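Given the structure is predicted, the values throughout are model-derived calculations rather than measurements. Residue numbers start from 1 in every chain, and the chains themselves are labelled A, B, ... in the order their sequence lines are given, proteins ahead of strands.
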2 protein chains.
Amino acid sequence: MKLSAKVEYGVRAMAVLAIYYQSGPLPLREIAEQEIISLKFLEQIFPDLRRAGLVHSTRGSRGGYMLSRPPSEIRVGDIVRAVEGPITPVDCLSEINSSDCCHRKSNCLTRQVWEKLRDRINDVLDEVSLNELVEIKPVESLS
Amino acid sequence: MKLSAKVEYGVRAMAVLAIYYQSGPLPLREIAEQEIISLKFLEQIFPDLRRAGLVHSTRGSRGGYMLSRPPSEIRVGDIVRAVEGPITPVDCLSEINSSDCCHRKSNCLTRQVWEKLRDRINDVLDEVSLNELVEIKPVESLS
DNA sequence: CAATACCCGAGCATTTTTGTCGGGATTGAA
DNA sequence: TTCAATCCCGACAAAAATGCTCGGGTATTG
């Protein structure tokens, strides 16, 4: 039940892009330095984000990446799904294998839990947008 | 964001034990046959469940496993945590590594999401108990 | 043209997963 | 008392996934 390093780095990188929103394209080298992430690894992650339409890339000198939408319109869930693919707690829930997963009665019994789990995970990840992540939180006075 | 096969098998095996609750100890061989799971692999999973106090084992001939509590008092979350350990979406949240994970500012920013995610996952897994899993659901007439 | 970036895919070492294998200890029953 | 069933334990191994690295390409700017 772990997220991959790619996802973690992806979200952190997108948080940086959110901070520099509307400052023109930011090169990956910059993000790599700030976040101490391998540049080559970041280069592997960003095509996924681009294909998902979350960032826009500019090639060549003075190029880089920028968010393709305001931070308020990008949810953490968008990033996670872009980098890792759809959330599937068990293989049985992926559309490819769903046809032949209910041989055993207990599979059908447990399936409802995994579906609920998947939906809730997506919910909580979609509740938080990039701007909420980046904006300074007020200190909670009393809990 | 996947659960391991161990967890999936563990929950299915516990569902079988729930069905046979109060029928005396059920040998792993029986569960293995019903669920088409390798006996030897099940033997690897059940010590975890026993150490977590979820099942009671009887050794020797006519031995086997039985739930140590009524199915209503065993939650899916108990099983998952027994087999996989505590839910930690990112390593930064495990107590071992938590001390040195906030060098980068963005780590602290993203941390709140992962904490929320962890809590919600535990919540949804703890909402469902074994008897809810096993009891026949009424067909939904209209959705 | 030279420097700066993004872009692409192959390779690769490590770790994790998913089991297998062989046996030992314990018990109930014939 | 013997035997078969069962849990118990640890080592090992194959396969998959992870987390990168490497070596180039290609577009763009100054």
Side-chain angles (χ1 to χ4, degrees), chain A residues 1-13 17 20 23-33 35-52 54-68 80 83-85 88-91 94 97, chain B residues 1-13 17 20 23-33 35-52 54-68 80 83-85 88-92 94 96-97:
Chain A
M1 222 43 195
K2 275 212 195 334
L3 291 164
S4 64
K6 280 178 82 167
V7 161
E8 202 191 325
Y9 294 167
V11 173
R12 274 165 55 194
L17 281 185
Y20 288 86
S23 307
L26 192 68
L28 286 189
R29 180 187 40 76
E30 192 72 29
I31 301 176
E33 281 171 11
E35 293 294 324
I36 316 185
I37 299 172
S38 152
L39 173 61
K40 281 297 193 179
F41 199 29
L42 270 185
E43 283 183 341
Q44 257 184 334
I45 297 169
F46 267 77
D48 292 332
L49 298 170
R50 187 174 49 82
R51 276 189 286 269
L54 301 180
V55 295
H56 175 255
S57 67
T58 311
R59 296 174 68 154
S61 183
R62 301 284 177 146
Y65 285 95
M66 53 194 306
L67 299 184
S68 58
V80 173
V83 175
E84 280 217 325
T88 54
V90 303
D91 287 336
S94 75
N97 308 359
Chain B
M1 223 44 196
K2 277 211 196 329
L3 291 163
S4 65
K6 279 178 83 168
V7 161
E8 202 190 325
Y9 295 166
V11 174
R12 274 164 57 194
L17 281 185
Y20 288 86
S23 307
L26 191 68
L28 285 189
R29 179 185 43 74
E30 191 73 29
I31 300 175
E33 282 171 12
E35 294 294 324
I36 316 185
I37 298 171
S38 152
L39 172 61
K40 280 299 191 179
F41 199 28
L42 271 185
E43 283 183 340
Q44 252 184 336
I45 297 170
F46 267 76
D48 292 333
L49 297 170
R50 186 174 51 82
R51 277 189 285 269
L54 302 180
V55 296
H56 174 256
S57 67
T58 312
R59 296 173 67 155
S61 183
R62 301 286 175 146
Y65 285 96
M66 52 194 306
L67 299 184
S68 57
V80 173
V83 175
E84 280 216 324
T88 53
V90 303
D91 287 336
C92 179
S94 75
I96 303 164
N97 308 359

Rounded to whole angstrom units, what separation is found between the [atom1] atom of [X] and the [atom2] atom of [N]?
| X | N | atom1 | atom2 | value |
| --- | --- | --- | --- | --- |
| A:Arg50 | D:dT26 | CZ | P | 16 Å |
| B:Lys2 | D:dT18 | NZ | C1' | 14 Å |
| B:Glu33 | D:dA5 | CD | P | 12 Å |
| A:Glu35 | D:dC20 | CD | P | 14 Å |
| A:Leu42 | D:dC20 | CG | C1' | 12 Å |
| A:Asp48 | D:dT18 | CG | C1' | 15 Å |
| B:Leu39 | D:dC7 | CG | C1' | 10 Å |
| A:Glu43 | D:dG19 | CD | P | 18 Å |

- Note on the structure: Students should find that the end-to-end axis angle of the helix from C:dC1-D:dG30 to C:dA30-D:dT1, with five pairs defining each axis and rounding to 10 degrees, is 10°

- Item | Considering all heavy atoms, the nearest B:Glu84-A:Met1 contact | OE1-N, 3.6 Å

- Work out which heavy atom in A:Pro25 is nearest to a heavy atom in A:Gly63; give both atom names and the distance. CB-C, 3.9 Å

- Rounded to the nearest 0.5 Å, what's the gap from CG on A:Leu67 to NE2 on A:His56? Could you check? 12.0 Å

- Query: Roughly how far, to the nearest 0.5 Å, is the CG atom of B:Asp91 from the NZ atom of A:Lys2?
  - Reply: 5.0 Å

Phosphate OP1/OP2 of [N] contacted by [X] side-chain N/O (<4.0 Å):
| X | N | answer |
| --- | --- | --- |
| B:Ser61 | D:dC3 | no |
| B:Thr58 | D:dT6 | no |
| B:Arg59 | D:dA4 | no |
| B:Arg29 | D:dT6 | yes |

- Message: Any side-chain to backbone donor/acceptor pair from B:Glu35 onto B:Tyr9? Under 3.5 Å, distance only.
- Response: no

- Message: Treating B:Ser57 as the side-chain partner and B:Tyr65 as the backbone partner, does any N or O pair qualify as donor plus acceptor under 3.5 Å?
- Response: no

- Identify whether any heavy atom of B:Tyr65 sits under 4.0 Å from a base atom; if not, whether one sits that close to sugar-phosphate; answer base, sugar-phosphate or nothing. sugar-phosphate

Ignoring hydrogens and angles, write down the donor-acceptor pairs under 3.5 Å from the side chains of residues 40-51 of chain B, residues two or more places apart or on other chains.
residue, atom, partner, partner atom, Å
B:Lys40, NZ, B:Glu43, OE1, 3.4
B:Asp48, OD1, B:Arg51, NH2, 3.2

- B:Leu3 side chain reached by B:Glu8 side chain, heavy atoms, under 4.5 Å: no

- State, yes or no, whether a side-chain contact exists between B:Leu17 and B:Met66 at a heavy-atom distance under 4.5 Å. no

- Message: If you assign B:Gly63 and A:Phe41 each to the DNA chain D nucleotide with the nearest heavy atom, which residue ends up on the more 5' nucleotide?
- Response: B:Gly63

- Most 5' of A:Arg62 and A:Gln44 on DNA chain D, judged by nearest nucleotide: A:Gln44

- Comparing A:Arg51 with A:Gly60, nearest DNA chain C nucleotide closer to 5' gives the residue A:Gly60

- Query: Earliest and latest nucleotide of DNA chain C, 5' to 3', sitting under 4.0 Å from a non-hydrogen atom of chain B?
  - Reply: C:dT18 to C:dG28

- Query: Choosing from D:dC20, D:dC7, D:dC22, which nucleotide comes nearest the side chain of A:Ala5?
  - Reply: D:dC20

